[in-house]
Amino acid sequence: MTLIQSFTEGQEITGFYLLKSSTIKQTNATPPKDYLDIILSDTSGEISAKYWDASAADKETFFAPMLVKVRGVVQLYRERLQFKVNKIRPAAEEDGYHITDFVRSAPVPPNDLVYAIKTAASTIQDTDMQVIIDHCFSKVGDKLLHYPAAKGMHHAFYAGLAYHMTRMLELAEFVCMQRPFLNRDLLVAGIILHDIAKTEELTAELGIVSEYSFTGKLLGHIPLAASWVTEAATQYGMDLNSEKIVLLQHMILAHHNLPEWGSTVQPQIPEALALHLIDQMDAKLQAAEDALATMPANEDWTAPVRALENKSFYRAKGN
C-alpha cells in the first residue's frame with residue numbers, strides 16, 4: 001500500500017484509503033456538473049481528491065468516514081499535490097482491511113492517557129474541585145478515549161483531546177515547580193476542564209469530526225464547560241459566588257485569551273495566564289509536528305499551517 005506521504009506527481013495509485021470527507025460541488029462549466037470534492041487519508045497524512053465523473057448513485061454512496069478503494073493519478077494543482085479519482089468503490093469485508101488501520105491516533109494508548117488525566121485529578125487537594133471534575137468526567141463518559149481535540153487546527157486525531165490534556169499536564173508540573181507561587185490545584189483543574197466540553201461541541205467518530213453539534217454551534221465548548229462547573233456546584237450545594245468557583249470559571253472562560261478566539265475575558269490571574277500559554281505551546285507545537293510528519297517525503301517545506309498564521313515550516317536535513 002502506497003502511503004499518502006510518499007505520493008509524487010504523475011504517480012498512478014490503486015489502493016485503500018479512508019474517505020475523511022466528501023462534499024458535492026459543481027464545476028464552472030456550462031451547464032455546471034456535479035463532482036465529489038474528497039479528502040483521502042491514511043496514517044501518514046491526507047490529500048485533496050476530485051472525482052469528476054460522480055454519478056447520482058455515487059453521490060448517495062460516499063459519506064465520511066468510510067474506507068474506500070480508489071484508482072487514479074497524483075497531480076499538481078496550485079503547487080500542491082492533488083489526487084484525480086478515476087474509479088472508486090466502498091471497501092468490502094473480504095478486502096481484509098479495517099477502517100481503524102487508516103486512522104491517525106495519539107502516539108500513547110488512549111487508556112494510558114485517560115489514566116494519567118484521572119491520576120492528575122486525584123492529586124488535587126481541594127475537594128470541591130475534585131467533585132466538579134468528577135461531575136464533568138461523568139458527563140463525558142468514554143469519549144475521552146477517542147475524541148479529537150479539534151476538527152483540524154491541532155490534535156485532530158483519535159484520542160487527540162486526551163493527548164492534548166496529558167501533554168499540558170506534564171508542562172504544568174514543570175511550570176509549577178519553576179514558579180511555586182502558582183496555585184497548582186487551580187492550574188491542574190483548569191487544564192482538565194478547559195477543553196472537556198469539546199466532547200459535546202463536536203460530533204466525532206473514529207477521531208474524525210463530521211460536524212459541530214447544534215449546541216456546539218450556538219454555544220461552543222468554553223461556555224459549555226463553564227456551565228458544567230455551575231451545574232456541579234449547584235448540584236453539590238456549593239456557593240456559586242465563592243472565590244474558587246469564580247476562579248475556576250475564569251480559567252475556562254479566559255483560556256483562549258482574546259474575544260476573536262472565543263474567550264469572553266482575558267486572563268486576570270497568573271494561573272489563567274499559565275493555562276493560556278501552556279495551551280498555546282502544546283497546540284502550536286503539535287500543529288508544527290503534524291505538518292512535518294505528514295508532508296511529502298521529497299518536500300523541504302510544509303504546506304501553510306492554518307494554526308501557525310498560515311506559515312510554511314522548513315524540515316531541517318537532520319530531521
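Not measured: the values here are computed from a predicted model.
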**Report entry** Residues T8, V74; criterion side chain to side chain contact (heavy atoms under 4.5 Å, CB included); working and verdict
**Finding:** CA-CA 7 Å; T8 57; V74 182; over 6 Å; no
Requested in this report: Give the ring-plane orientation class for F157 versus Y163, where under 30° counts as parallel, over 60° as perpendicular and anything between as tilted.
Outcome: tilted
Requested in this report: Could you label the plane-to-plane angle of the Y17 and F7 rings as parallel, tilted or perpendicular, counting under 30° as parallel and over 60° as perpendicular?
Outcome: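 Ring orientation of Y17 relative to F7: perpendicular.
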Measuring from atom [atom1] of [X] to atom [atom2] of [Y], what distance do you get when rounded to the nearest 0.5 angstrom?
| X | Y | atom1 | atom2 | result |
| --- | --- | --- | --- | --- |
| D128 | M238 | CG | CE | 4.0 Å |
| I47 | T294 | CD1 | OG1 | 11.5 Å |
| L19 | I88 | CG | CD1 | 6.0 Å |
| T166 | L113 | OG1 | CG | 4.5 Å |
| L219 | H221 | CG | NE2 | 12.5 Å |
| K151 | S21 | NZ | OG | 8.0 Å |

Any link between [X] and [Y] through a network of hydrophobic side chains (Ile, Leu, Val, Met, Phe, Trp, Tyr) touching at under 4.5 Å?
| X | Y | value |
| --- | --- | --- |
| I132 | M165 | yes |
| I252 | L218 | no |
| Y97 | I38 | yes |
| V265 | L247 | yes |
| Y147 | I208 | no |

Taking [X] for its side chain and [Y] for its backbone only, find out whether a donor-acceptor pair lies under 3.5 Å.
| X | Y | result |
| --- | --- | --- |
| S263 | N257 | yes |
| Q5 | A293 | yes |
| K20 | S41 | no |
| E211 | V209 | no |
| T302 | L292 | no |
| T27 | K33 | yes |
| Q130 | S122 | yes |

Charged N to carboxylate O under 4.0 angstrom, [X] versus [Y]?
| X | Y | answer |
| --- | --- | --- |
| K50 | D37 | yes |
| K69 | D95 | no |
| K139 | E231 | yes |

Minimum side-chain heavy-atom gap [X]-[Y] below 4.5 Å:
| X | Y | result |
| --- | --- | --- |
| I269 | M251 | yes |
| D195 | L161 | yes |
| F102 | T43 | no |

Report task. Before giving the answer on side chain to side chain contact (heavy atoms under 4.5 Å, CB included), spell out for V140 and W228 the whole-Å C-alpha distance, their side-chain angles and the decisive distance to 0.1 Å. Result -> CA-CA 11 Å; V140 170; W228 289 3; 4.1 Å; yes
Query raised in the report: Where do E173 and R184 land on the salt bridge (Lys or Arg N to Asp or Glu O under 4.0 Å) test, with the steps shown first?
Result: CA-CA 8 Å; E173 291 298 338; R184 181 186 176 278; 2.7 Å; yes
Least distance between heavy atoms, [X] atom then [Y] atom:
| X | Y | answer |
| --- | --- | --- |
| L182 | V175 | CD1-CG1, 3.6 Å |
| L3 | S44 | CB-OG, 3.6 Å |
| A172 | I191 | CB-CD1, 3.4 Å |
| M129 | L186 | CE-CD1, 3.7 Å |
| L36 | D58 | CD1-O, 4.3 Å |
| A197 | L224 | CB-CB, 3.6 Å |

Report task. Hey, could you give me each pair passing salt bridge (charged side-chain N to carboxylate O under 4.0 Å, His left out) that has a residue in residues 287-300? Not counting sequence neighbours. Result -> R104-D290, D300-K317
More than 12 heavy atoms from other groups under 6.0 Å of [atom1] on [X]:
| X | atom1 | answer |
| --- | --- | --- |
| F181 | CZ | yes |
| F63 | CZ | yes |
| R89 | CZ | yes |
| Q178 | CD | yes |

Requested in this report: Using the side chain to side chain donor-acceptor pair (under 3.5 Å) rule, take H155 and D282 through it: C-alpha gap first, then chi angles, then the decisive distance, then the call.
Outcome: CA-CA 9 Å; H155 298 85; D282 187 58; 3.1 Å; yes
Requested in this report: Pick out which of L171, V188, L187 makes a side-chain contact (heavy atoms from CB on, under 4.5 Å) with C176.
Outcome: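 For C176, the side-chain contact (heavy atoms from CB on, under 4.5 Å) check succeeds only for L187.
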Query raised in the report: Can V70 and Y51 be said to form a side chain to side chain contact (heavy atoms under 4.5 Å, CB included), step by step?
Result: CA-CA 10 Å; V70 296; Y51 185 38; over 6 Å; no
Query raised in the report: Is there a salt bridge (Lys or Arg N to Asp or Glu O under 4.0 Å) between R167 and E170 once you walk through the steps?
Result: CA-CA 5 Å; R167 289 293 174 251; E170 292 169 349; 2.8 Å; yes
Report task. For the pair I39 and S48, evaluate side chain to side chain contact (heavy atoms under 4.5 Å, CB included) and give the outcome as yes or no after the intermediate values. Result -> CA-CA 5 Å; I39 299 293; S48 173; 4.2 Å; yes
When the side chains of residues 271-281 are checked against the rest of the protein, which donor-acceptor pairs come out under 3.5 Å, sequence neighbours left out?
residue	atom	partner	partner atom	Å
E271	OE2	N183	N	2.8
H276	ND1	H255	O	2.9
D279	OD1	H164	NE2	2.8

If you look only at distance, which donor and acceptor atoms sit under 3.5 Å apart when one is on a side chain in residues 79-86 and the other is two or more places apart or in another chain?
none

